[in-house]
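Here's the structure we're looking at; comments come further down.
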Amino acid sequence: MANSDSVSSSNEDPALIPIAIRILRRFPRPAFISRFTAYRLYIFGLTYLLYVTFHVVRKPLGVTKNVLYHSNCSNVERPPDRVFLPNNTGWCSWAPFDRKDHQEKFAGLDFSYRLAYALGMVFAGHLGERLEVRRFLTVVMLVSGLWVVFGGLAFFWQVHSYSYFVVAQVGAGIFQSAGWPAVLTLMGNWFGKKRRGLIFGIWNTDTAVGNILGAIIAGVWVTDSLWGFSFIVPGIILSCGGIVAYCFVVVRPEDIGLSAPNYTGGDEPDAATKATVLDPAASTAHLSQSFNESSNDQLDMLPALPSREDRKPITIWGAILIPGVIEYAICLFFCKSVYYAFFAWLPVYIKDSLHVKNNEAADLSALFDGGGIVGGISAGLASDLLGGSATVCGAMFLLAIPAIFCLEHFIVTGGHVLLIILLLVIGFLLNGPYTLIVTAVSADLGTRPSLVKDKKCLTTVAAVIDAMGALGSACGPLIAGLLSKGREKNDWKPVFYYLIAAQLCAVLCLTRLIYREGARWWTNRNTRRNTRFQLKTIGLVDAAKFSRTSDS
């Protein structure tokens with residue numbers, strides 16, 4: 001059929017086409033969708049689902065904490081073949097989490113995972129830049145799933161060693177860290193600068209979907225006799241995702257004979273447009289045609305980088321030296337430290353302040369995540385419209401400060417309605433910059449021709465930036481926990497002072513970039529005014545008449 005992809009292009013590489021794609025191409029494609037658009041929709045959906053599985057496996061430990069430690073076992077049936085001391089009310093807890101230091105041990109597992117994730121991220125990006133992304137992602141997903149299964153086998157093997165759980169968390173953290181740079185590279189290979197903020201903002205909702213599905217899947221087996229499956233089943237799902245990645249992922253448009261996307265997004269007018277604007281003899285029709293072509297959808301398919309074979313992988317140090325990477329990386333450290341401090345401690349804060357039950361505190365804290373989903377999409381859309389990611393992030397950081405201040409001061413006296421509004425607003429303002437930096441900004445810095453020159457660096461840049469963010473996600477909850485020792489007296493002020501200070505530090509990291517974006521906007525404004533003046537002169541006013549008008 002005319003719209004079928006069964007006939008391969010002469011310039012595609014058959015060795016890089018996965019087996020599932022060879023089968024799918026035999027089916028017809030709708031006539032109203034171009035081949036390039038069809039593949040982009042396909043990659044968007046596929047990478048979305050693949051990264052959902054990465055977040056599914058992050059929930060088991062949090063979900064099973066209430067089973068690993070029981071504060072009171074009076075409602076649990078005692079096994080007839082075991083003898084217990086009369087005053088042992090925690091006999092049903094799983095050693096080594098059956099002692100008073102269980103909170104510290106759980107915190108140690110969380111910190112071990114996030115630290116391993118941060119350290120592994122840098123090396124994963126460096127390695128992923130030098131390997132074929134499809135095979136790299138396949139191995140990462142297979143091994144990551146096995147590490148999660150390894151953690152669940154402690155139940156069946158009757159393992160009660162804390163070191164075992166630490167090793168399982170560290171192994172999972174190291175390999176799971178490689179997932180983000182890999183899927184972001186796939187998205188960056190297929191989507192250019194045009195509407196990147198909005199597209200990546202929608203795409204990044206996969207993290208929230210994965211967290212929700214992970215909690216549901218792990219929750220099915222949260223019992224004293226089945227909690228091992230809360231790890232094993234998500235781990236198997238992630239490993240199966242690796243097989244799907246190997247069979248279905250198309251790494252680059254060039255592999256199937258398509259042009260690479262345009263990474264400049266039409267910021268620079270093409271040669272014909274420049275010539276027309278500067279040449280007074282050019283016709284108005286030619287001008288109109290040039291501007292129409294520059295806004296056509298085909299603009300997003302123009303090749304902007306040298307061929308893949310001509311580009312060499314960048315080093316970690318080289319990626320760090322790309323303008324903007326250091327600022328955004330340090331900014332993301334503070335951004336994620338605040339976000340994950342809320343993520344970890346918000347239910348506790350709500351419970352202590354309002355004296356509500358655990359489930360009600362959890363339900364209220366979920367509003368923070370709901371606002372975050374909308375914030376991520378909105379930040380991407382604002383970045384596309386304004387053309388300045390740093391300015392959008394800085395504005396949201398500053399607006400979050402009074403909202404955080406109000407949460408601390410009015411949580412008791414303001415009532416539930418004000419609390420709900422504040423949680424939605426804070427989630428919106430905190431997750432917006434977080435999503436924008438780890439997606440659209442990382443992809444832009446790793447693919448913009450003026451920055452990357454002749455290097456392959458998207459995977460490494462994404463890894464460097466998100467590694468600092470992962471380190472912040474490890475330090476934020478830890479610092480908040482140390483500062484929350486006064487919560488027995490309902491004194492959370494030190495925690496909120498830290499959160500506000502971190503927000504200010506995040507803004508300061510972007511000061512130089514915000515200034516440059518402002519200067520660029522002012523220059524572009526003057527350029528547009530001069531261009532409109534030239535267009536009006538060429539198309540509407542006779543040269544002699546314009547000369548007489550100017551003289552007068």
Side-chain angles (χ1 to χ4, degrees), residues 47 50-62 109-131 133-151 166-188 204 206-207 210-211 214 231 234-235 237-239 241-242 245 313-314 316 319-320 325 328-329 332-333 335-337 339-340 343 434-435 437-439 442-443 446 457-478:
T47 53
L50 291 178
Y51 203 66
V52 162
T53 63
F54 275 99
H55 270 260
V56 165
V57 299
R58 297 187 186 184
K59 299 301 291 184
L61 180 61
L109 292 181
D110 290 333
F111 183 79
S112 298
Y113 171 83
R114 297 191 186 282
L115 184 62
Y117 188 94
L119 297 177
M121 177 79 74
V122 178
F123 296 102
H126 180 77
L127 186 63
E129 205 77 76
R130 287 153 178 78
L131 300 176
V133 177
R134 179 167 63 99
R135 293 182 175 87
F136 177 70
L137 182 60
T138 299
V139 173
V140 164
M141 297 185 76
L142 287 171
V143 179
S144 296
L146 293 178
W147 274 109
V148 178
V149 171
F150 177 73
V166 172
V167 170
Q169 287 295 99
V170 170
I174 290 175
F175 281 92
Q176 288 177 32
S177 67
W180 177 252
V183 295
L184 185 63
T185 297
L186 292 174
M187 284 291 290
N204 197 56
D206 54 7
T207 59
N211 289 336
F231 289 84
I237 293 175
L238 180 58
S239 293
I314 199 170
I316 295 177
I320 293 174
V325 169
Y328 278 115
L332 189 62
F333 172 88
C335 178
K336 292 187 76 169
S337 67
Y339 181 85
Y340 278 92
F343 187 82
Y434 166 26
T435 298
I437 293 173
V438 298
T439 56
S442 297
C457 60
L458 175 54
T459 309
T460 307
V461 167
V464 168
I465 292 176
D466 203 36
M468 283 297 294
L471 191 61
S473 70
C475 295
L478 182 64

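Computed from a predicted structure; not experimentally measured.
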Non-hydrogen side-chain atoms of Phe175 and Met141 separated by less than 4.5 Å:
no
Of all heavy-atom pairs between Ala245 and Arg134, which one has the smallest distance, and what is that distance?
O-CG, 3.5 Å
Please report the interatomic distance CG(Leu238) to OG(Ser144), rounded to the nearest 0.5 Å.
5.5 Å
Taken to the nearest 0.5 Å, the spacing of Thr459 OG1 from Phe136 CZ works out to 8.0 Å
Close side-chain approach of Gln169 and Tyr117, heavy atoms under 4.5 Å
no
What is the minimum heavy-atom distance between Ala319 and Val464, and which atoms define it?
CB-CG2, 4.4 Å
Taking C-beta and beyond as the side chain, do Thr439 and Trp180 meet within less than 4.5 Å on heavy atoms?
yes
As an exercise, state the distance from CG of Asp206 to OG1 of Thr47, rounded to the nearest 0.5 Å.
7.5 Å
Identify the two heavy atoms, one from His55 and one from Asn211, that lie closest to each other, and give their separation to 0.1 Å.
ND1-OD1, 3.1 Å
Closest non-hydrogen contact found for Val133 with Ala182 is CG1-O, 3.9 Å
With the side chain counted from C-beta on, respond yes when Met121 and Pro181 share a heavy-atom pair under 4.5 Å apart, and no when they do not.
yes
Rounded distance [0.5 Å steps], CE in Met468 versus SG in Cys335
12.5 Å
With side-chain contact (heavy atoms from CB on, under 4.5 Å) as the test, would you mind laying out the steps for Tyr113 and Leu109 before giving the verdict?
CA-CA 6 Å; Tyr113 171 83; Leu109 292 181; over 6 Å; no
As a quick check of understanding, evaluate side-chain contact (heavy atoms from CB on, under 4.5 Å) for Phe333 and Tyr328, giving each step before the final call.
CA-CA 9 Å; Phe333 172 88; Tyr328 278 115; over 6 Å; no
When the ring planes of Trp147 and Phe150 are compared, do they come out parallel, tilted or perpendicular, using 30° and 60° as the limits?
perpendicular
Could you tell me if the side chain of Leu119 sits less than 4.5 Å from the side chain of Ile174, heavy atoms only?
no
Please assess His126 against Ile314 for the test side-chain contact (heavy atoms from CB on, under 4.5 Å), listing each intermediate value before the final yes or no.
CA-CA 8 Å; His126 180 77; Ile314 199 170; over 6 Å; no
Show the numbers, then the answer: is there a side-chain contact (heavy atoms from CB on, under 4.5 Å) between Leu184 and Ser442?
CA-CA 9 Å; Leu184 185 63; Ser442 297; 3.8 Å; yes
Considering all heavy atoms of both residues, which atom of Val166 and which atom of Ser112 are nearest to each other, and what is their separation?
CG1-OG, 4.1 Å
Ser337 and Cys475, any side-chain heavy atoms less than 4.5 Å apart:
no
For Gly145 and Ser239, the nearest pair of non-hydrogen atoms, with its separation, is CA-OG, 3.3 Å
Do the side-chain N and O atoms of Glu129 and Thr460 include a donor-acceptor pair separated by under 3.5 angstrom?
yes
Among Leu471, Leu478, Asp110, which residue meets the side-chain contact (heavy atoms from CB on, under 4.5 Å) test with Leu115?
Leu471
Using a 4.5 Å cut-off on heavy atoms from C-beta on, say whether the side chain of Val52 contacts that of Thr207.
no
Distance in Å, Lys336 NZ paired with Ser473 OG, rounded so as to fall on 0.5 Å steps:
5.0 Å
Checking side-chain hydrogen bond (donor to acceptor under 3.5 Å, both in side chains) for the pair Asn204/Thr435: CA distance, chi angles, key distance, verdict?
CA-CA 7 Å; Asn204 197 56; Thr435 298; 3.2 Å; yes
For the atom pair CG (Leu458) and OG1 (Thr185), what is the distance rounded to the nearest 0.5 Å?
4.0 Å
